[in-house]
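All remarks here apply to the structure that follows.
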Amino acid sequence: MQPSFSFKQQTWKRLKKNKGALIGLFIICIAFLLAIFGYLIAPDNSSNADLQTVEIQAKKPGYTQKFLKLYDGEKEEGNWFTVLLNGKKLNYRLIPVSGNPKDNASTDSIVINKYIDEDTSVRMAYAVKSLMQNHAAEALPELFVTKKYWLGTDKFGRDILSRLIIGTRVSLAVGLIAVLISLTLGIILGALAGYFKGWVDEVVMWLVNVTWSIPTLLLVFAITLAMGKGFWQIFIAVGLTMWVSVARLVRGQVMAVKELEFVQAAKALGFTNTRIIAKHILPNILGPILVIAASNFATAIIVEAGLSFLGIGVQPPQPSWGLMIKENYNFIITHNPMLALVPGFAIMLLVLAFNLLGNGLRDAVDVKTTSI
């Protein structure tokens with residue numbers, strides 16, 4: 001059987017031999033699955049994983065607590081698709097209890113010891129009818145639940161694991177949109193500069209040099225302050241700061257490919273410049289573009305985390321890994337450093353995965369590589 005000469009197949013064969021790139025690709029795939037199905041996986045599937053119980057704030061990993069559910073009489077809203085997108089609107093709040101409340105239960109009321117802290121509890125009574133309002137007798141809700149917080153709770157008593165899972169969506173969304181914006185601007189401007197040269201090249205390179213002379217974070221600050229704080233604004237702010245590296249790369253690649261025989265043949269056949277760039281030049285420089293896209297994805301995740309940490313990125317209560325570090329960094333020097341270290345590890349792991357994949361792609365698309 002004759003070996004395949006398909007560029008895609010050869011690239012995939014080379015990539016499969018790079019264990020680091022495969023590990024990075026595996027981590028990225030897991031992260032995308034968590035981002036898509038996060039609300040179906042997270043222990044706290046409320047909107048933004050924002051179920052707060054301040055009595056159990058800053059608990060360590062593995063903490064277990066028993067709760068009494070106080071129902072508000074409304075039905076839980078949302079089918080599986082709306083839950084998948086935005087989480088569930090809960091119709092109850094949780095009251096932490098200590099001891100065994102069922103031993104104190106009577107037919108008309110439930111008496112509990114409300115948990116305040118490790119040394120304090122308050123005795124409280126709730127009417128059973130009020131707890132179960134608007135629920136039919138044959139479908140009575142569960143009143144007592146026990147929850148385990150695998151990664152502990154933050155200073156508002158929210159589940160760290162749930163917010164970490166939902167925060168994956170923010171990091172990947174910012175990275176994806178920012179990379180799309182940077183690739184769109186960079187490929188268009190870089191291709192125009194490299195193909196036409198002359199005054200077009202001078203204008204584009206002047207714009208690249210001016211943009212590159214401004215520190216990245218300072219430029220992001222200016223764009224964010226001009227557009228306002230928010231989830232969608234951060235996409236554009238990060239994307240508009242990363243196109244320059246793409247433009248310089250594409251410009252150099254287009255200049256090199258433009259002089260090859262098949263491009264000259266396309267010109268001799270009378271093909272338009274747009275067709276030559278789109279169908280003959282860009283497909284032949286796709287490899288380097290994929291490499292820089294992976295690198296920019298990692299950079300976007302770091303920039304978004306930094307902006308959220310500084311308070312001008314994603315706003316509460318929406319979970320973001322950078323925002324989680326900001327809310328809990330003071331616990332690093334106190335009794336529970338894991339509250340800030342866990343999202344930091346998540347950022348490091350995802351950025352490392354994209355860097356490993358980028359390095360693997362760089363080697364895989366290198367046409368000088370002979371071993372397949």
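Here F156 is tied to no hydrophobic group at all, with no ILVMFWY side chain closer than 4.5 Å. The hydrophobic cluster containing I27 also includes I23, L349, under a criterion of side-chain heavy atoms closer than 4.5 Å among ILVMFWY residues, counted directly or through chains of members.
In terms of the side-chain hydrogen bond (donor to acceptor under 3.5 Å, both in side chains) criterion, residue partners of Y63 (sequence neighbours excluded) are, by chain and number, Q65. K114 is linked by a salt bridge (charged side-chain N to carboxylate O under 4.0 Å, His left out) to E55, counting only residues two or more places apart in sequence or in another chain. For S46, the side-chain hydrogen bond (donor to acceptor under 3.5 Å, both in side chains) test picks out D44, with sequence neighbours left out. Scanning for salt bridge (charged side-chain N to carboxylate O under 4.0 Å, His left out) contacts around R158 gives D50, D154, E327, with sequence neighbours left out. Applying the side-chain hydrogen bond (donor to acceptor under 3.5 Å, both in side chains) test to D117 and every residue at least two apart in sequence or in another chain returns T120. Residues passing the side chain to side chain contact (heavy atoms under 4.5 Å, CB included) test with T211, sequence neighbours excluded: L207, L219, W243, V244. Residues that satisfy the side chain to side chain contact (heavy atoms under 4.5 Å, CB included) test with A21, not counting sequence neighbours, are L15, N18. Residues forming a side-chain hydrogen bond (donor to acceptor under 3.5 Å, both in side chains) with T153 (at least two apart in sequence, or on another chain): none.
Here the closest non-hydrogen pair linking N336 and A58 is ND2-O, 3.4 Å. For I166 against G38, the heavy-atom pair with the smallest separation is CD1-C, 3.7 Å. When all heavy atoms of A300 and M242 are compared, the pair lying nearest together is CB-CE, 3.8 Å. Residues A340 and I332 share a closest heavy-atom pair of CB-CG1, 3.7 Å. Of all heavy-atom pairs between G62 and K148, the closest is O-CE, 3.7 Å. Contact detail for K69 and V145: the closest heavy-atom pair is CE-CG1, 3.7 Å.
Listed for the W150 side chain is no donor-acceptor partner under 3.5 Å among the backbone atoms of P61. Listed for the S295 side chain is no donor-acceptor partner under 3.5 Å among the backbone atoms of I292. Judged by distance alone, the side chain of R251 and the main-chain N or O of G190 form no donor-acceptor pair under 3.5 Å.
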| field | Test log, rule side-chain contact (heavy atoms from CB on, under 4.5 Å), inputs V97 and F67 | value | CA-CA 5 Å; V97 299; F67 295 95; 5.9 Å; no
| query | Does the pair W206 and V203 meet the rule for a side-chain contact (heavy atoms from CB on, under 4.5 Å), with working shown? | reply | CA-CA 5 Å; W206 176 84; V203 170; 5.6 Å; no
| Verdict with supporting geometry, L189 and V246, side-chain contact (heavy atoms from CB on, under 4.5 Å) | CA-CA 9 Å; L189 295 178; V246 180; over 6 Å; no
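Around the CD1 atom of I333, the shell of radius 6.0 Å holds no more than 12 heavy atoms that belong to other residues, nucleotides or ligands. Taking a 6.0 Å sphere around CZ of F345, one finds it holds 12 or fewer heavy atoms contributed by other residues, nucleotides or ligands. The number of heavy-atom neighbours closer than 6.0 Å to OH of Y329, taken from other residues, nucleotides and ligands shown, is 12 or below.
Y149 is listed as a side-chain neighbour of I56, based on a closest heavy-atom distance under 4.5 Å. Taking 4.5 Å as the limit, some side-chain heavy atom of F37 sits within range of a side-chain heavy atom of L40. With contacts defined as side-chain heavy-atom distances shorter than 4.5 Å, the pair R248/W212 qualifies. Counting heavy atoms from C-beta on, the side chains of I347 and S171 never come closer than 4.5 Å. You'll find the side chain of E202 stays beyond 4.5 Å of the side chain of K197, heavy atoms only. Contact check for V303 versus T241: no side-chain heavy atoms found under the 4.5 Å cut-off. Counting heavy atoms from C-beta on, the side chains of S308 and E304 come closer than 4.5 Å. A heavy-atom distance below 4.5 Å is found between the side chains of L172 and L350.
The structure places CG of L68 at 5.0 Å from CD1 of I112, a figure rounded to the nearest 0.5 Å. The distance from atom CG of N86 to atom CG of N48, rounded to the nearest 0.5 Å, is 8.5 Å. The OG1 atom of T82 lies 9.5 Å from the NZ atom of K88; values are rounded to the nearest 0.5 Å. Distance check, rounded to the nearest 0.5 Å: CD1 of I301 to CG of N296 gives 11.5 Å. For the atom pair R362 CZ and L357 CG, the distance stands at 12.0 Å (nearest 0.5 Å). Taking CD1 from I160 and CD1 from I165, the interatomic distance works out to 11.5 Å, rounded to the nearest 0.5 Å.
Under a cutoff of 6.0 Å and an axis angle of 45°, K326 and F309 do not form a cation-pi pair.
Note on I36: it clusters hydrophobically with V170, by side-chain heavy-atom contacts below 4.5 Å among ILVMFWY residues. In the hydrophobic clustering of this structure, L176 groups with V220; members are Ile, Leu, Val, Met, Phe, Trp, Tyr whose side-chain heavy atoms approach within less than 4.5 Å, directly or through other members. Criterion: ILVMFWY side-chain heavy atoms under 4.5 Å apart, direct or through other members. Under it, M324 and V54 are not part of a common hydrophobic cluster. Note on I95: it clusters hydrophobically with L90, by side-chain heavy-atom contacts below 4.5 Å among ILVMFWY residues.
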Only pairs under 3.5 Å count here: list side-chain donor-acceptor contacts from residues 254-274, not counting sequence neighbours, and write none if there are none.
from, atom 1, to, atom 2, distance (Å)
K258, NZ, Y195, O, 2.5
Q264, NE2, K258, O, 3.0
T272, OG1, R275, N, 3.2
N273, OD1, Y195, OH, 2.9

When the side chains of residues 279-291 are checked against the rest of the protein, which donor-acceptor pairs come out under 3.5 Å, sequence neighbours left out?
from, atom 1, to, atom 2, distance (Å)
N284, ND2, H280, O, 2.5

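Under a 4.0 Å N-O distance rule, the pair R14/D363 does not qualify as a salt bridge.
Using cut-offs of 30° and 60° for the angle between ring planes, the F354 and F297 rings count as parallel.
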